[in-house]
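Accompanying notes for the structure given below.
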Number of protein chains: 2
Amino acid sequence: MGITRKTKSVKSVISIFENNSDAQSVVHLVDLLKREMNKTTVYRILERLENEKLVHSFVGKDGLKWYAKCTDCCLDEHKDIHPHFQCKDCGKTQCVKQEITMPLLPNYQIDTVEVLFYGLCEQCSI
Amino acid sequence: MGITRKTKSVKSVISIFENNSDAQSVVHLVDLLKREMNKTTVYRILERLENEKLVHSFVGKDGLKWYAKCTDCCLDEHKDIHPHFQCKDCGKTQCVKQEITMPLLPNYQIDTVEVLFYGLCEQCSI
DNA sequence: AAATTTAATGCAACTTAGCTGCAATAACAA
DNA sequence: TTGTTATTGCAGCTAAGTTGCATTAAATTT
């Protein structure tokens, strides 16, 4: 289980995340890579990269799946509380590098807390 | 603009939320009401109820759209920070009645913060 | 209480995200 | 160089959500 083969397609997907720290919607990635590989391949590579914990995924305000590289936003593996920001204007989506504290829910067993900030990014709020 | 006509279908949808404080996925509502009305009607009624601020919507962990009645979870209109909980086992989804404080993101203009707790509910964590 | 207006609905067809099965291809180890 | 098998392409599928348009039925007016 995991990325055992470094194929041309896998390298291609990885390089996108290396050259841009923003999160990427799958839809965007499929479009970006449509000349290089099949959409099914994109879906499957992303799934493998996530298993390998090279990227992590979350659901955007639009209900689409987004992926982002795992770096300083989640140093010690996949932390439970990992906020993301999505710009309602330009669509820019990124990891929020900020600690967040959450209240406990008594009698509940919480695995993850997804936090999505939605609004205008630095560029679009000028 | 808004709910101008109290049709049989509108009353039917509203009564579901009145008889159950849990959030409802649109998929579930469409199925629940399939004998009474067309799925397009369900989608359109929910849209109108949301405009009227009788219900509010959010995206679940699965990317599906969920609706919940606006009551004590959002007394003073639609507050920015309004957490929801979704059970990974039974699917039960509900508003979390708890205040949450969020850090400010400098230079960003945040409209809403979606917080989704994901894990096991009281029943399923026994 | 009929006529009128127009919001609401049903229907059928469409769009799009994401998934599946299987045959063909290409990493990589021997 | 060959053999094994992970990976990919392809075609077709599923399911959520949307759209246009003709029809129906609330609510208002006469």
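Chain A is the first sequence line, chain B the second, and so forth, proteins listed ahead of strands; every chain is numbered from 1. Both backbone and side-chain heavy atoms feed into the values below; hydrogens, waters and symmetry mates do not.
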Worksheet item: For the residue pair Phe58(A) and His84(A), does the interplanar ring angle fall in the parallel (under 30°), tilted (30 to 60°) or perpendicular (over 60°) class?
Response: parallel
Item to complete: To the nearest Å, give me how far apart CD1 (Ile45(A)) and C1' (dG18(C)) are.
Response: 16 Å
Practice prompt. May I have the distance from Asp62(B) (atom CG) to dC19(C) (atom C1'), rounded to whole angstrom?
Written response: 16 Å
Worksheet item: Would you say Ser9(A) reaches dT7(D)'s phosphate, i.e. side-chain N/O to OP1/OP2 under 4.0 Å?
Response: no
Fill in: Closest-nucleotide ordering on DNA chain D, the 5'-leading residue of Tyr43(B) and Thr41(A)
Thr41(A)
Worksheet item: Should we count NZ of Lys61(B) as having more than 12 external heavy atoms under 6.0 Å?
Response: yes
Discussion item. Taking the minimum atom-to-atom distance to the side chain of Lys6(B), which one of dT8(D), dA13(C), dA27(D) wins?
Written reply: dA27(D)
Response to the item:
All heavy atoms of Phe85(A) vs all of Leu120(A), minimum pair found to be CZ-C, 3.6 Å
Worksheet item: In whole angstrom, what separates Lys11(A)'s NZ from dA27(C)'s C1'?
Response: 10 Å
Worksheet item: When all nucleic acid strands are considered with a 4.0 Å heavy-atom cut-off, which category describes Lys8(B): base, sugar-phosphate, or nothing?
Response: nothing
Worksheet item: So what does Thr40(A) hit on the nucleic acid, given a heavy-atom distance under 4.0 Å: a base, only sugar-phosphate, or nothing?
Response: base
Discussion item. Between the base of dG17(D) and the side chain of Lys65(B), is there a donor and acceptor pair under 3.5 angstrom?
Written reply: no
Discussion item. What is the separation between atom CZ on Arg48(B) and atom C1' on dT6(C), rounded to the nearest whole Å?
Written reply: 13 Å
Discussion item. Just to be sure I understand the rule, does Val30(A) reach a base, reach only the sugar-phosphate, or reach nothing, if contact means heavy atoms closer than 4.0 Å?
Written reply: nothing
Worksheet item: If each of Val27(B) and Val42(A) is mapped to the nucleotide of DNA chain D with the nearest heavy atom, which maps nearer the 5' terminus, i.e. the 5' end?
Response: Val42(A)
Worksheet item: Is any side-chain heavy atom of Glu50(A) less than 4.5 Å from a side-chain heavy atom of Tyr67(A)?
Response: yes
Worksheet item: Reckon Glu47(A) touches a base, only the sugar-phosphate, or nothing at all at heavy-atom distances under 4.0 Å?
Response: nothing
Worksheet item: Between atom CG in Leu33(A) and atom C1' in dG9(D), what is the gap in whole Å?
Response: 15 Å
Worksheet item: Quick check: are there more than 12 heavy atoms from other residues, nucleotides or ligands sitting under 6.0 Å from CD of Glu122(A)?
Response: yes
Fill in: Candidate nucleotides dA6(D), dA25(D), dA13(C), ranked by approach to the side chain of Arg5(B) - the nearest
dA25(D)
Discussion item. Looking at Thr7(B), I'd like to know whether one of its side-chain N or O atoms comes within less than 4.0 Å of OP1 or OP2 on dT9(C).
Written reply: yes
Item to complete: In whole angstrom, give the distance that lies between atom CG of Asn51(B) and atom C1' of dA8(C).
Response: 15 Å
Worksheet item: Is there a donor N/O on one and an acceptor N/O on the other, under 3.5 Å, for the side chain of Arg44(B) and the base of dG17(D)?
Response: no
Item to complete: May I have the distance from Asn38(B) (atom CG) to dA13(C) (atom P), rounded to whole angstrom?
Response: 13 Å
Worksheet entry | Atom-to-atom span, CE of Met37(B) to P of dA25(D) - whole angstrom | 14 Å
